[in-house]
Amino acid sequence: MSKVRVVLDYSVLNKPQRAAVEHHDGPLVIFAGAGSGKTLAITYRIAHLVQACGVPARRILAVTFTNKAAKEMRERLDRLLPYGAPDLWVGTFHATCAKLLRRFSEACGVRKGFVIYDELDQRALIARIARDLDADEKVYPPKRLAWMINRAKQEGISCEEFVAKKGEPMIARVYTEYEQRLAQAGALDFDDLIYRLVAALRTNPTLRHDLQQCWDHVLVDEFQDTNAVQFQLVRDICQGHRNLCVVGDDDQSIYRWRGADYRNILDFQRHFSDAKLIKLEQNYRSTKRIISVANALVGRNIERQKKRLWTDNEEGQSVTLYCCADGRDEALRFVNLVLEALAQGSKRSEVALLYRTHAQSRVFEEALRAANLPYRVVGGIRFYDRAEVKDLLAYLRVLQNPDDDVSLLRIINTPTRGIGKTTIDRLLEAAARAGQSVWNTLGQAESDPAHGAAAQKKLAGFLELIAGLQQKAAALAKPAALIESVLEQTEYVELLRAENTAEADAKLENIRELVGSVREFERTTEPPTLESFLETVTLQTDQDRMQEQDAVALMTVHAAKGLEFPTVMVAGLEEGLFPHIRNSGGLEERDDKAIEEERRLAYVAFTRAKRQLFLSHARQRYLYGDELSCVPSRFLDEIPSDELKIVKSAYLSAPRSNGYHGEGGEEDFAYRRVSSTGGRDRLAHGYGSGRAQPRQRPSASPGGTPTGIGDSYVDRSESSEGSGGMRPGAHVSHPKFGVGQVKEILAGDPPRVLVKFSGGPVKTVITSFLKPA
DNA sequence: GTGGAACACCTTTTT
DNA sequence: GGTGTTCCAC
């Protein structure tokens with residue numbers, strides 16, 4: 001870290017990387033395959049520009065898609081350059097644009113202290129507008145409306161243009177009203193951050209000129225994920241010098257549904273005909289076999305840049321496909337795989353499970369928990385989306401900008417203070433009539449005869465609360481102290497404490513974490529204003545908060561992009577799940593494109609693996625409560641059969657044949673021929689000789705209806721005390737109910753115990769859900 | 001105005 | 001199966 005490197009060591013670069021680094025002026029497009037040392041190349045390129053070419057760091061803008069990538073880039077440059085690059089512009093599209101919008105707020109026509117509405121805020125506002133306009137919920141669900149509006153902004157279509165097009169008039173009305181209310185609330189949504197800047201650039205030559213003068217070099221990472229406005233933005237600001245370097249991989253474009261268009265990178269040379277094109281095709285991450293399987297798959301896609309990923313790495317072991325009876329079987333498979341990897345000396349954090357949808361994680365979590373294997377689920381519900389966290393942030397936002405109606409409405413009766421639906425409806429009506437924010441109407445509401453005396457009093461109380469906090473905000477100027485005042489004055493914490501439930505405890509814990517993150521922010525940011533805190537928080541995702549720990553990682557393929565693990569299992573390779581049903585059915589023209597994106601997604605998943613790649617599919621699976629019969633994914637058929645080692649679950653064929661694997665016996669499952677030599681060999685890894693694996697409880701009905709979670713996963717032969725090692729008096733913790741003490745062991749299958757949880761409730765729980773506390 | 005029960009929903013989600 | 005939303009009884 002402290003090693004100051006005076007001269008850049010170019011010998012670490014391969015030929016194309018070096019060419020990318022040393023390319024000086026003019027447009028450059030780099031196709032960087034998975035694991036091809038892309039980050040190395042771009043950080044070196046920036047370092048080279050600064051050190052060898054004498055470009056001041058502040059004249060370079062590097063744009064990424066995630067905060068994490070931005071942070072990583074900055075850190076690597078700090079190590080590469082003797083004095084680091086503190087004044088280099090590095091940030092996400094959104095953060096960079098937010099910064100520029102504030103700096104040039106007047107020219108852009110936005111309020112300087114604008115708040116940023118996240119997806120949930122946006123949804124809330126749109127839902128209210130749709131209701132106000134009497135839009136039929138069936139025809140115009142808020143989700144669809146939001147999608148249309150966002151799509152327009154991503155395409156760079158103004159509201160006026162949108163309205164002028166002959167589309168559905170209701171959508172146009174909602175859009176217009178939405179824009180008005182955003183303006184009134186002094187709020188911008190995510191897509192506005194980029195769109196508003198682009199729109200201002202279009203109409204304001206001075207601003208255009210100013211921004212074009214800001215930087216001499218612009219770099220954009222993950223360019224395949226840019227949408228139309230983002231491309232327009234970078235094109236605009238580079239117009240003078242044309243020193244635009246874009247990096248990406250069309251094969252890893254997996255955000256089409258968010259408006260991303262990989263043709264931005266594919267057709268880059270059409271927009272910049274003199275652009276130099278460099279391909280990074282050597283993979284330094286994976287074994288030959290993994291690369292071969294990944295290549296076979298993605299090679300099926302039609303619309304892509306011609307390239308072939310290759311590697312000098314070792315051959316490695318075969319990519320293995322597990323054919324499982326059901327989701328639980330699959331989960332057990334994964335547990336065994338983890339145990340095997342650990343036995344071979346891997347760390348837990350070196351194993352990852354990737355799946356298409358979050359819903360798949362549960363079964364795996366249960367299995368891992370039962371096997372006492374620490375794991376972490378990446379993604380899921382965002383921390384900042386939790387109700388209690390959002391409530392508190394809403395208070396802060398109202399203090400910063402009381403016109404923020406969405407936030408104000410969120411907290412006006414949270415915690416409940418007797419301001420009910422009727423009162424709020426009247427307030428909204430008055431606000432709409434006056435064309436003002438709710439806050440402005442609130443001041444007059446005290447004397448508005450429309451409200452009853454009781455309501456007036458309650459509103460006055462709320463007004464007083466906010467006014468008091470506003471004074472505090474002005475006096476304190478620091479967010480941490482302010483959030484504590486909010487907690488105090490609203491009695492938020494006391495009320496939760498009084499609830500005395502595990503859920504409330506979890507909320508309190510989240511609040512503590514939030515307060516902690518405010519403190520952290522104050523320590524690390526200068527100046528730590530409320531405004532910048534709120535902006536940081538809104539533009540942050542959970543992955544930015546993830547800390548390293550030695551645990552097995554579970555995440556969606558989307559979340560895994562950019563990561564790598566020595567051992568990876570990709571689960572649920574079934575038709576309808578992966579490729580997902582929404583992208584695999586129907587007869588429309590777009591289906592090809594949708595399938596190609598699913599295939600890219602699989603490609604991204606496969607290329608996360610460094611040494612071992614396992615795939616799996618289940619024949620049956622519970623989804624949303626009902627049992628589905630599943631067909632193996634078409635992607636499996638697209639992998640040459642000699643590249644896959646197939647392991648069938650013992651559960652699969654046992655009911656119908658006497659062997660462990662019913663070779664070709666069942667046509668619904670014999671989608672791939674298993675060679676006779678391979679079949680037996682493969683069994684060595686199967687259930688039959690699983691010495692290293694936890695013993696499977698012999699089931700009376702293999703593949704049939706399992707009786708519960710506990711019995712399948714708990715190895716009872718090792719728990720001599722019975723009931724999974726639980727004893728009365730033992731202190732235990734439960735993922736949902738928190739910590740408690742075992743009161744009584746209950747007989748039964750699965751084993752259950754009676755636990756008194758701290759805070760009161762006595763519950764019967766399945767033993768395997770408990771961990772010693 | 002509040003809270004619980006019934007109901008509808010459900011892909012992925014860089015910001 | 002889990003969650004967010006709506007509606008109805010108190």
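In what follows, chains carry the letters A, B, and so on, assigned in the order in which the sequence lines appear, proteins first and then strands, with residues in each chain numbered from 1.
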* Closer than 4.0 Å, any side-chain N/O of A/Asn227 to the OP1 or OP2 of B/dT14? -> no

* Compute the ring centroids of A/Phe231 and A/Phe223, then answer whether they are less than 6.0 Å apart. => yes

* Structure fact -> Only one of A/Arg600, A/Arg599, A/Lys593 passes side-chain hydrogen bond (donor to acceptor under 3.5 Å, both in side chains) with A/Glu597, and that residue is A/Arg600

* Structure fact -> Judged by nearest nucleotide, the residue sitting upstream toward the 5' end of DNA chain B, A/Leu601 or A/His94, is A/Leu601

* Structure fact -> Of the listed B/dT14, B/dT13, C/dG1, the closest approach to the A/Arg362 side chain comes from C/dG1

* Asked: Rounded to the nearest Å, what distance is computed from the NZ atom of residue A/Lys457 to the P atom of nucleotide B/dG1?
  -> 15 Å

* May I ask you to evaluate whether A/Thr357 reaches the phosphate of B/dC10, defined as a side-chain N or O under 4.0 Å from OP1 or OP2? => no

* Asked: How is A/Asp118 classified with respect to the nucleic acid when contacts are heavy atoms under 4.0 Å: base, sugar-phosphate, or nothing?
  -> nothing

* Would you indicate what A/Glu119 reaches in the nucleic acid, counting non-hydrogen atoms under 4.0 angstrom: base, sugar-phosphate, or nothing? => base

* Is B/dT12 in the syn or the anti form, by the rule that syn lies within 90° of 0? -> anti

* Using atom NZ of A/Lys138 as one end and atom P of B/dC7 as the other, report the distance to the nearest whole Å. => 14 Å

* Report yes if at least one side-chain N or O of A/Thr416 is closer than 4.0 Å to OP1 or OP2 of B/dG1; otherwise report no. => no

* To do: Look at the side-chain N and O atoms of A/His358 and state whether any lies under 4.0 Å from the OP1 or OP2 oxygen of B/dT13.
  => yes

* Charged N to carboxylate O under 4.0 angstrom, A/Lys38 versus A/Asp249? -> no

* Asked: For DNA chain B, what residues of residues 128-137 of chain A have any heavy atom nearer than 4.0 Å?
  -> none

* To do: Looking at every strand, decide which applies to A/Lys421 at a 4.0 Å heavy-atom threshold: base, sugar-phosphate, or nothing.
  => sugar-phosphate

* Cut-off 3.5 Å, side chains only: do A/Asn150 and A/Gln122 have a donor facing an acceptor? -> yes

* Asked: Does a nitrogen or oxygen in the side chain of A/Thr423 sit under 4.0 Å from OP1 or OP2 of B/dG1?
  -> yes

* **d(CG, A/Leu409; P, C/dT5) in whole Å** => 14 Å

* Asked: Which whole-number value in Å describes the distance from A/Arg258 CZ to B/dT14 P?
  -> 7 Å

* Asked: Taking the inter-plane angle between the rings of A/Tyr355 and A/Phe364 on a 0 to 90° scale, is it parallel (under 30°), tilted (30 to 60°) or perpendicular (over 60°)?
  -> parallel

* What is the distance from CD of A/Glu598 to P of B/dT12, rounded to the nearest Å? -> 11 Å

* Please examine the side chains of A/Leu428 and A/Leu409, heavy atoms only from C-beta on, and report whether any two atoms are closer than 4.5 Å. => yes

* A/Tyr255 aromatic ring stacked with six-membered ring of B/dT12, 5.5 Å and 30° -> no

* Asked: Base, sugar-phosphate, or nothing for A/Asn413, non-hydrogen atoms under 4.0 angstrom?
  -> sugar-phosphate

* Is A/Thr422 touching bases, backbone alone, or none of the nucleic acid, heavy atoms closer than 4.0 Å? -> sugar-phosphate

* Between B/dT14 atom C1' and A/Phe65 atom CZ, what is the distance in whole Å? -> 7 Å

* Is a side-chain donor-acceptor pair under 3.5 Å present for A/Tyr262 with A/Asp251? -> no

* To do: Report yes if a donor N or O on one partner sits less than 3.5 Å from an acceptor N or O on the other, where the partners are the side chain of A/Arg356 and the base of B/dT11; otherwise report no.
  => no

* Structure fact -> Atom CG of A/Asp626 and atom P of B/dC10 are separated, to the nearest Å, by 14 Å

* Asked: Are side-chain N/O atoms of A/Tyr603 and A/Gln252 paired as donor and acceptor at under 3.5 Å?
  -> no

* Specify the separation, in whole Å, of atom NE2 of A/His580 and atom P of B/dT13. => 11 Å

